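Report on the following structure.
Chain A is the first sequence line, chain B the second, and so forth, proteins listed ahead of strands; every chain is numbered from 1. What you are looking at is a predicted structure, and each value in this text was computed from that prediction instead of being measured.
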Amino acid sequence: MIEVIDKEIKKFLSSIDNINKENLDAILQKFSITISDNLNKGHLTTNVCMIAASILKANPNELAINLKNKLQGIGAFEDVQAAGPGFINITLYRKDFTSTIKTINEEKESYGKSNLGKGQKIQIEFVSANPTGPLHVGHGRGAAYGDAIGRILQATGSFVEKEYYVNDAGRQIDILTASVILKLAKKDINNYFPENAYKGKYIEEIGTKINKTIKLKYDVKSLTKSIPKDPEEEIDQVIANLKSLDNESWVLVKDFSLKEIVESIKNDLNIFNVDFDNWFNESSLGDINQESSEISSSINKLKADGQAYEKDGAIWLNTDISGDDKHRVLIRDNGRTTYFASDVAYHKNKIERGFDKLINVWGADHHGYIKRIEASLEALGSNRNKLIVKLVQFANLFKDGEKVKMSTRSGEFFTLKDLIEDIGADAARFYYLSKQADQHLDFDLDLAKSDSKENIFYYIQYAHARIVSLEEKFVANYPSAGKDVKSIESNSYNECDKLIHEISRYPDVVKKSASSLQPHLIIYYLRDLSQLLHSYYNDNHVLSESEENMKAIVQCLSSVRQVISNGLNLLGISPMNKM
RNA sequence: GCGCCUGUAGCUCAGCUGGAUAGAGCAACUGCCUUCUAAGCAGUGGGUCAGGAGUUCGAAUCUCUUCAGGCGCGCCA
């Protein structure tokens, strides 16, 4: 029906006196036909007259009355009204209005999918936490968000590849390795342990696992020889000493620890129902000392193109183009590359893989980093508009009304795994996604477990479970009853109208969620739909209706259930059939 | 100092590519379980959308500004 209206509107607009192509295109781009926000405004609404009025400097109400007459004239609608400041409200014939039920029961899990993305190739890089310890609750939010937008973009017609960038090279990994060795050798070295080493329990656990396969021979004297006071310098010196004292063990422990931690991260993500198509190792970019490595070739290219230059013994990238406050170092004066240099090479690699769009999901503390990456994309001959950086703000956890402390210093923190064990993966995902990603989130653990209406997660699940149970009872009582929506279609039963109206909005919600990269829109939609379901359920006793009505109602409620299920699936949450 | 995010009912938040009377839940007060799951429903009260100025036929929504809070600003990663 929307197509019919769309066609009529275009006809109407081109018939307006003195309209030129430019204005026409502007109107066509801006106006919308939407499901009305309330049934008393009819089924469909368009704002086209107000858009046209502002562009053409005309009177919106006059346009509305003219368009209203045109639409009424074609006889395809039960009623057309011009209302308010210039809206057109359209009431469909009942058969058209109720056709959504049939559509959903036919399309099932495909209902809501679209071709909005037109088959573009999108890469989403998210989580990418350093493999130096378990994922914590901050990472969980990025994981839930990246995975959800992946599902939503996929459902709206894009090809999505989800990737985790593993920082398996560099100083952090050296510190990890040193931490494991020091814990392992603690008896021989009088429990010497630098302040800046990693202290978590998992460090000792890794040590215990590797203990059987390795013999370490360190003594405190040679290890702590010429150790500086400064904590940063201290850890670096310890690393250097460990490497020179026993490089064989160093490499062994390093490889083992890295493998252990990456495995544990994969496990955590797995129980969180987040899966990646690709794990990209920073180490695969190679080393600056290797002539042909990706990191060397990307820096060489930047130099050759005059984008990178030498100053004060370091190699810098000119980042002026993106408005960054200063140029950034790629290679330090000591010859080592920066983290940024790896990232430049990594993004060059991404570009070469031919994505139409790159989405990076980063912790909000990285926002100062955006401009330099944008600049590097331009410097590499790509376009910075290809990159969309979505920042995810930190989540504060609250338990028993108190903020849960998350200090990584002491090595004690609330991990993602702890959270999942506490409230379950689905509830955790739900609450992570319940607010826009770039805003601070207060995550109330007690609420997530509570059994009140305030807990929207269960409120929505409850709606789903109620329908499932009703369907089962209906099938048990009337095993031979077929599918039939006649009594709803013919208006002999109209108690479900609000539900029908709401489920017909769903495809628009998914599209809006995809184009704005905001999964939380789906959550609020599902809450509203569930509210209508609970209200209907309370006021109407389905199983005491006539068989004719029951058949139609069950069809209608099945489509509501389908929509709830589809919506939850886009968020990576499994619907519950029983509670 | 610069950058990003935020300020909507007592509390937690929706609504923000401008549109029809600003919405939920909680808390307070009233009702509804001998019938399909009360983890539910119905109702009442509660708002200068932080303050100010501007753009517009129309601003919670856009611009500027003030105030308040959070975070970030390395040749760290």
Partner of A:Y431 by side chain to side chain donor-acceptor pair (under 3.5 Å), out of A:D444, A:D426, A:N455: A:N455
Residue-phosphate contact under 4.0 Å: A:H520 side-chain N/O, B:G15 OP1/OP2: yes
Proximal nucleotide (of B:C75, B:C16, B:C41) relative to the A:K512 side chain: B:C16
Backbone of A:S32 reached by a side-chain donor or acceptor of A:T46 within 3.5 Å: yes
Inter-nucleotide C1' distance (B:U61, B:U17), Å rounded: 10 Å
Shortest side-chain distance from A:F87, nucleotide among B:A20, B:C36, B:C76: B:A20
Integer angstrom distance from the C1' of B:G52 to that of B:A42: 43 Å
Partner nucleotide, any strand, of B:A53 [Watson-Crick/G-U, under 3.5 Å]: B:U63
B:A24 versus B:U6 - spacing of their P atoms, nearest Å: 24 Å
Candidates B:A77, B:G15, B:G40 - which lies nearest the side chain of A:N130: B:A77
Atom C1', compared across B:A9 and B:C26: separation rounded to whole Å: 12 Å
N/O (side chain, A:R332) to phosphate O (OP1/OP2, B:C76) under 4.0 Å: yes
Sugar-phosphate, base or nothing in reach of A:D37, heavy atoms under 4.0 Å: nothing
Mate of B:U34 where both pairing distances stay under 3.5 Å, Watson-Crick or G-U: none
Sugar-phosphate only, base, or nothing, as touched by A:Y369 at under 4.0 Å among non-hydrogen atoms: base
Identity of whatever pairs with B:C11 - Watson-Crick or G-U, under 3.5 angstrom: B:G25
Short side-chain N/O contact to B:A77 OP1/OP2 from A:Y198, under 4.0 Å: no
Verdict with reasoning, A:Y145 to A:Y432, per ring-ring contact (aromatic ring centres under 6.0 Å, His included): CA-CA 8 Å; A:Y145 177 75; A:Y432 273 132; over 10 Å; no
A:K551 bridged to A:D484 by N-O distance under 4.0 Å: yes
Residues A:K350 and A:E125 bridged, charged N to O under 4.0 Å: yes
Whole-Å P distance, B:G18 and B:C57: 15 Å
Within the sub-3.5 Å range, which N or O atoms of nucleotides 55-59 of chain B have a protein N or O partner, and how far apart are they?
none

Touch class at under 4.0 angstrom, heavy-atom based, for A:R171 against every strand present: sugar-phosphate
Sugar-phosphate, base or nothing in reach of A:D236, heavy atoms under 4.0 Å: nothing
Length of the line joining A:H464:NE2 and B:C36:P, which is rounded to integer Å: 21 Å
Nucleotide paired to B:A68 in any strand shown, Watson-Crick or G-U, under 3.5 Å: B:U6
P-based separation of B:G40 from B:G58 [nearest Å]: 44 Å
Pairing nucleotide - B:G18, Watson-Crick or G-U, each distance under 3.5 Å: none
Euclidean distance, A:C496 SG relative to A:N540 CG, rounded to 0.5 Å: 7.0 Å
Spacing of the C1' atoms in B:C4 and B:G23 (rounded, Å): 28 Å
B:G45 - base-pair partner by Watson-Crick or wobble geometry, distances under 3.5 Å: none
Sugar-phosphate, base or nothing in reach of A:S469, heavy atoms under 4.0 Å: base
Base partner of B:C73, which must satisfy Watson-Crick or wobble distances under 3.5 Å: B:G1
Sugar-phosphate only, base, or nothing, as touched by A:F474 at under 4.0 Å among non-hydrogen atoms: nothing
B:U8 to B:C13 separation - P atoms, rounded to the nearest Å: 9 Å
Sugar-phosphate only, base, or nothing, as touched by A:N61 at under 4.0 Å among non-hydrogen atoms: nothing
Between B:A20 (C1') and A:I51 (CD1): distance, integer Å: 14 Å
Candidate nucleotides B:G40, B:A20, B:C36, ranked by approach to the side chain of A:K41 - the nearest: B:A20
Listed nucleotide nearest any side-chain atom of A:Y459, set B:G40, B:G70, B:A20: B:G40
B:C5 phosphate, OP1 or OP2, under 4.0 Å from A:Q439 side-chain N/O: no
Flag for A:Y346-A:E163: side-chain donor and acceptor within less than 3.5 Å: yes
Sugar-phosphate, base or nothing in reach of A:H534, heavy atoms under 4.0 Å: sugar-phosphate
A:H541 side-chain proximity, nearest of B:C36, B:A77, B:C75: B:C36
Touch class at under 4.0 angstrom, heavy-atom based, for A:A364 against every strand present: nothing
Sugar-phosphate, base or nothing in reach of A:S516, heavy atoms under 4.0 Å: nothing
Close N or O pairs between protein and nucleotides 22-24 of chain B (under 3.5 Å):
from	atom 1	to	atom 2	distance (Å)
B:A24	O2'	A:R527	NH1	3.4

A:Q436 CD to B:C5 P, straight-line distance once rounded to whole Å: 11 Å
Student check: side-chain heavy atoms of A:Y536 and A:E495 closer than 4.5 Å: yes
Shortest side-chain distance from A:S544, nucleotide among B:U35, B:C26, B:C36: B:U35
Phosphate OP1/OP2 of B:U6: any A:K435 side-chain N/O under 4.0 Å: no
Sugar-phosphate only, base, or nothing, as touched by A:N47 at under 4.0 Å among non-hydrogen atoms: nothing
Touch class at under 4.0 angstrom, heavy-atom based, for A:L521 against every strand present: sugar-phosphate
A:Q393 and A:K435: CA distance, side-chain angles, deciding distance, side chain to side chain contact (heavy atoms under 4.5 Å, CB included) verdict: CA-CA 10 Å; A:Q393 288 284 354; A:K435 215 180 156 183; over 6 Å; no
Lys/Arg N to Asp/Glu carboxylate O, A:E502 vs A:R505, below 4.0 Å: yes
Distance test, side-chain N/O of A:S535 to OP1/OP2 of B:A42, below 4.0 Å: yes
